Amino acid sequence: HAGNGPIQMDNVQKRKALAQFKDKAEVTVYDRQSSRTHFRWGPWVAGGQMLMWINFADFYWRYSMDKDEETGELHISPAWKRACTAAIALVAGLVVGGGVLHYISRCVARMQVIDGGQMVRLETYRISGRGTKTKVVPLAGMFSRDRLFTGEGPNGVTKPKSSQYSIYASRQSNYAYIMSRAGSFRDPKAFDVLFHRAIVPDKK
């Protein structure tokens, strides 16, 4: 029975952490404290990246040259070679631009615990850079491999070399939601009690 001690203690701590939400319709546990148009630059950056790589692709297609090993003369590269190089440039543009928009879509503007501690409402930024969208997930399924509370900084959540905190909506999630450690957290220690998992079971 001694081995059950840590597990029982964890359960007691979780019940205490959940008690703050009892009989409450909603409790804000995190707010980025940024405007809902904080990422309005996102589409412009993504679009600018795509335009730049499209120009590279066009340049490679039109002007890519090969050197003749015997004569030393330059001549236009074969069509297949120019097409491959141009395609790589286009893919790079999609990856970089898409990565910017994907990052924005995973950033959390506000997180609320609702329904007396049963569910969590996540407000994330739209890729348009204007406004937010909402998703509701069960609190019990959320987890983070990262610890929020560090005891460092004015709010106790500062982490050297990392300004972000990541949390997953469920074990089936492939991508984490991202919170800024510079934002406002209601209770970082309770956050870790509820969501930190040192070991997360594999997906089924």
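As the structure is a prediction and not an experimental result, all values here were calculated from the model. For the single chain, residues carry numbers from 1 onward in sequence order.
To the nearest 0.5 angstrom, Phe21 atom CZ is 7.0 Å from Leu139 atom CG. Here Leu194 contributes atom CG and Phe143 contributes atom CZ; the two are 15.0 Å apart, rounded to the nearest 0.5 Å. How far CD1 of Ile104 is from CZ of Phe39: 6.0 Å, rounded to the nearest 0.5 Å. In this structure, CE in Met119 is found 6.5 Å from CD1 in Ile114, a value given to the nearest 0.5 Å. A distance of 7.5 Å separates CZ in Arg130 from OG in Ser128, rounded to the nearest 0.5 Å. Distance check, rounded to the nearest 0.5 Å: OH of Tyr60 to CG of Asn55 gives 11.5 Å.
Within the 4.5 Å cutoff, no side-chain heavy atoms of Met142 are placed close to those of Tyr177. Proximity of Leu94 to Leu90: side-chain heavy atoms (C-beta onward) are nowhere separated by under 4.5 Å.
Closest heavy-atom contact between Val157 and Thr150: C-OG1, 3.5 Å. What you find for His196 and Asp146 is that their closest heavy atoms are CD2-O, 3.4 Å. Of all the heavy atoms in Gln164 and Arg181, the pair that sits closest is O-NE, 3.2 Å. Residues Arg32 and Ser180 share a closest heavy-atom pair of NH1-CB, 3.6 Å. Between Val100 and Val45, the shortest heavy-atom contact is CG2-CG1, 4.3 Å. For the pair Thr158 and Gly153, the tightest heavy-atom approach, listed with the atom from each and the gap, is OG1-CA, 3.3 Å.
Atom CH2 of Trp44 has 12 or fewer neighbouring heavy atoms from other residues, nucleotides or ligands inside a 6.0 Å radius. Around CZ of Arg121, the count of heavy atoms belonging to other residues, nucleotides or ligands within 6.0 Å exceeds 12. Around NZ of Lys133, the count of heavy atoms belonging to other residues, nucleotides or ligands within 6.0 Å exceeds 12. Heavy-atom contacts from other residues, nucleotides or ligands closer than 6.0 Å to CD1 of Ile178 number more than 12.
Under the 3.5 Å distance criterion, the side-chain polar atoms of Arg197 are left unmatched by any main-chain donor or acceptor of Ser144. Proximity of a side-chain donor or acceptor of Ser64 to a complementary backbone N or O of Ser77 within less than 3.5 Å is not detected. A distance-only check finds no donor-acceptor pair linking the side chain of Asp115 to the backbone of Gln118 [under 3.5 Å]. In this structure a side-chain-to-backbone donor-acceptor pair under 3.5 Å is missing from Thr124 to Arg106.
Relative orientation of the His38 and Tyr125 rings is tilted, given thresholds of 30° and 60° on the angle between their planes. Between Phe59 and Tyr63, the two ring planes are tilted [angle within 30° to 60°].
Cluster annotation: Val29 and Tyr165 are assigned to the same hydrophobic cluster (Ile/Leu/Val/Met/Phe/Trp/Tyr, side-chain heavy-atom contacts under 4.5 Å, transitive). Residues Leu18 and Val120 fall within the same hydrophobic cluster, defined by Ile, Leu, Val, Met, Phe, Trp and Tyr side chains chained together at heavy-atom separations under 4.5 Å. Both Phe195 and Val27 sit in one connected hydrophobic cluster of ILVMFWY residues. Membership requires side-chain heavy atoms under 4.5 Å apart, directly or through other members. Cluster annotation: Met50 is not connected to Tyr103 through the hydrophobic network of ILVMFWY side chains, with a link wherever side-chain heavy atoms come within less than 4.5 Å. Under the 4.5 Å side-chain heavy-atom criterion for ILVMFWY residues, a single connected hydrophobic cluster contains both Leu148 and Val137.
Figure legend: Arg145 and Tyr168 shown as a cation-pi pair, the cationic atom lying under 6.0 angstrom from the six-membered ring centre and within 45 degrees of its axis.
Counted by atom type alone, Thr28 and Gln112 present one or more donor-acceptor pairs between their side chains at under 3.5 Å.
Among pairs with a residue in residues 75-89, those fulfilling salt bridge (Lys or Arg N to Asp or Glu O under 4.0 Å) read Asp66-Lys81, at least two apart in sequence or across chains.
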Acceptor/donor pairs from residues 184-191 side chains to any protein atom, 3.5 angstrom cut, sequence neighbours excluded:
unit_1, atom_1, unit_2, atom_2, d
Arg186, NE, Gln20, OE1, 2.9
Asp187, OD1, Lys189, N, 3.3
Asp187, OD1, Ala190, N, 3.2

